[in-house]
Amino acid sequence: MCGIAGYIGPREAIAIVFDQITRLEYRGYDSAGVAFQREGGIGILKKAGKLVNLKQLLETEKPVSHLAIAHSRWATHGGPTDENAHPHFDQHDRIAVIHNGIIENYFELAQELSAEGHVFVSETDTEIAAHVIGREYEKSGCLTAAVREAAKRLKGAYAMVVLSVDDPNRIVAVRNASPLVLGLGEGENFLASDIPALLPYTRKVIVMDEGDLATLSREGITLEDGNGEEKTPEVMTIDWDIEAAEKGGFPHFMIKEIHEQPESVRACLAGRLQHDGSVKLLNTLPDDVWRRTERVTMVACGTAYHAGLMGAYLIESMLRIPVEVEYASEFRYNNPILRETDLAIVISQSGETADTLAALKLAKSRGVATLGIVNVVGSSIARECDAVHYLQAGPEISVASTKAYSGQVVTLALAALYAAQVRGVSTDLAASLALLPTRMAETLCVEEQCLSIAKLIRDTQLMFYLGRGADAAAALEGALKMKEIAYVATQESPAGEMKHGPLALVEPGVVAVFGSTDPVTRDKVVSNIKEVKARRGTVIGIGLDHPMMRNVCDEFIPIPDTGSHVVNAALSVLPMQLLAYHLAHLRGCEIDQPRNLAKSVTVE
Ligand code: F6R
């Protein structure tokens, strides 16, 4: 996701903040920029693309300053262009702002500001925030007060850093949910969105709390809480090394990304799922397309395909529209039957998967409406689709996909809800989705249990992943995680299929993971579990807590109920991710870059 850096002090500030955002490069970004105090005002230099582009611009312009802020942007509102790159000015070019996160009410604020004559030069929510701060600054003439007042108007998760032309010795920073850390030096001070950017300069850091507002000068840092009350900062001394810090203290990106899911799903829902259960979607297809759609075809590969299966359950059960989920590599060569009233949904984390892109082009060539469910903004698939819904999951670095999977399921669920709204179908899915971030955080508490189960099954050679309905789709994803990072052979299928062949493989030492998140099929699943137990296989159950499941399974991992079988099934994938991760770790596997696999498959 985006990176933030800031410095005030006697040293050359631009070189320092540039170095700081270079240290955040691993987070992913697609444009970057700096703002700095100079004779006669604030200078801004920014460039789309990699940091090397900004570096060239800095080498040409050679700015010098004692105070600078820098930002690397991962596009959300508006594509990765020079104009959309941060920093952004206010209406009078007197306030400069960089920002991580999303201003959920930016549209409403933009309308309000436009009515007052404000003109915007970018498509970003950040520029709107800069104008809101600028408007407050006109009233009070105090930068800290202007940021404090403006923050009251901003809804969403954000970390924001602000400079004023009139106050060349001050940086003001505010955070709400998105992280921001301050670094203390001698006669100099720093800030960053993440600790690794501070570590070469200082190990004394203050982690800002939710709602905190900080004012930095050379001499020191003052901190106030969300109510404007001054507070004494808690200074921590960091003793991690830089590599560990990039992973936020986690040993691997995969486990960091597993734990990011409550937040990434929250970001995905933010501004889209309203309190009354209705859905607002930017950049979606015209309502007319949602209304006339008679059949949906989803195309994707790997984990994205598994997310598509979950989406299919949701759309078919809610809208009663037939859905086909196709492997992109098959679809493109199968001369698919497509009609004008079809909708093609193309799912891809990277937005660059060659087969998925080819499938999309084929669907377009047949005149079918296309919708992308994509994580990487401005990627090829995002650009080619008629409309795109972004996952808002932030960059996924581990090759094994985790937070993109949950983001894809939730983005598909939002699309299904939107279609239901347009078509006048009533559903209670919204309530389950609203609960999901909290339920995910609760579910992740089973990590210790997953670790002890991983120890018990450490030497297993074969695992079954089984379930019914949406649990069968979850089983496919759980099995994929296990084979790709722990290199355990797996056999996955709907639980009822087992006795038609695969059961022959069950013997002592074989482990079967059964999902059971639907009370309606629980009895049937229990019968299938008994078939495995009768052949002395080991059974791990994952699902809604029930005495029958606890009784029949060797190990049982409970997940909380969201009220929707499909959402529950997607939730049950989290313990499967944790199980695969811990087994891989115990077996000494290369977790973030498993053998033979690549993050973005841009070849057929
Ligand atoms: C598995 C995994 C892959 C991808 C697949 C599609 O953990 O990451 O199976 O899901 O290669 O990639 P995207 O979503 O980028 O099109």
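Predicted model, so just to flag it, every value in this text is computed and none were measured. Worth knowing before you read on, the calculation uses all heavy atoms, side chains too, and leaves out hydrogens, waters and symmetry mates. All ligand and atom numbering here is 1-based and tracks the order in the structure.
The shortest heavy-atom distance from Glu352 to ligand 1 is not under 4.0 Å.
For Lys46 and Asp82, the salt-bridge test fails: no basic side-chain N is under 4.0 Å from an acidic carboxylate O. Between Glu257 and Lys403 there is no salt bridge, since no side-chain N of the basic residue sits under 4.0 Å from a carboxylate O of the acidic one. Salt bridge absent: Lys256 and Glu396 never bring a charged side-chain N and a carboxylate O closer than 4.0 Å.
At a 3.5 angstrom cut-off on N or O pairs, Thr356 does not count as close to ligand 1. Considering backbone and side-chain N/O atoms, Val399 comes within less than 3.5 Å of an N/O atom of ligand 1.
The distance from ligand 1 to the heavy atoms of Ser350 drops below 4.0 Å at these ligand atoms: 13 (P), 15 (O), 16 (O). If you number the atoms of ligand 1 from 1 as listed, the ones under 4.0 Å from a heavy atom of Lys481 come out as 1 (C), 7 (O). Shown in contact with Ala304 at under 4.0 Å from a heavy atom are these atoms of ligand 1, numbered in order with element: 10 (O), 14 (O). The distance from ligand 1 to the heavy atoms of Ala400 drops below 4.0 Å at these ligand atoms: 7 (O).
Checked against the 6.0 Å centroid threshold, His565 and Tyr313 do not count as a close aromatic pair. Here His585 and His252 bring their ring centres to under 6.0 angstrom of each other. Ring pair Phe250/His259: centre-to-centre distance below 6.0 Å.
Among Glu484, Gln349, His306, the residue whose heavy atom sits closest to atom 14 (O) of ligand 1 is Gln349.
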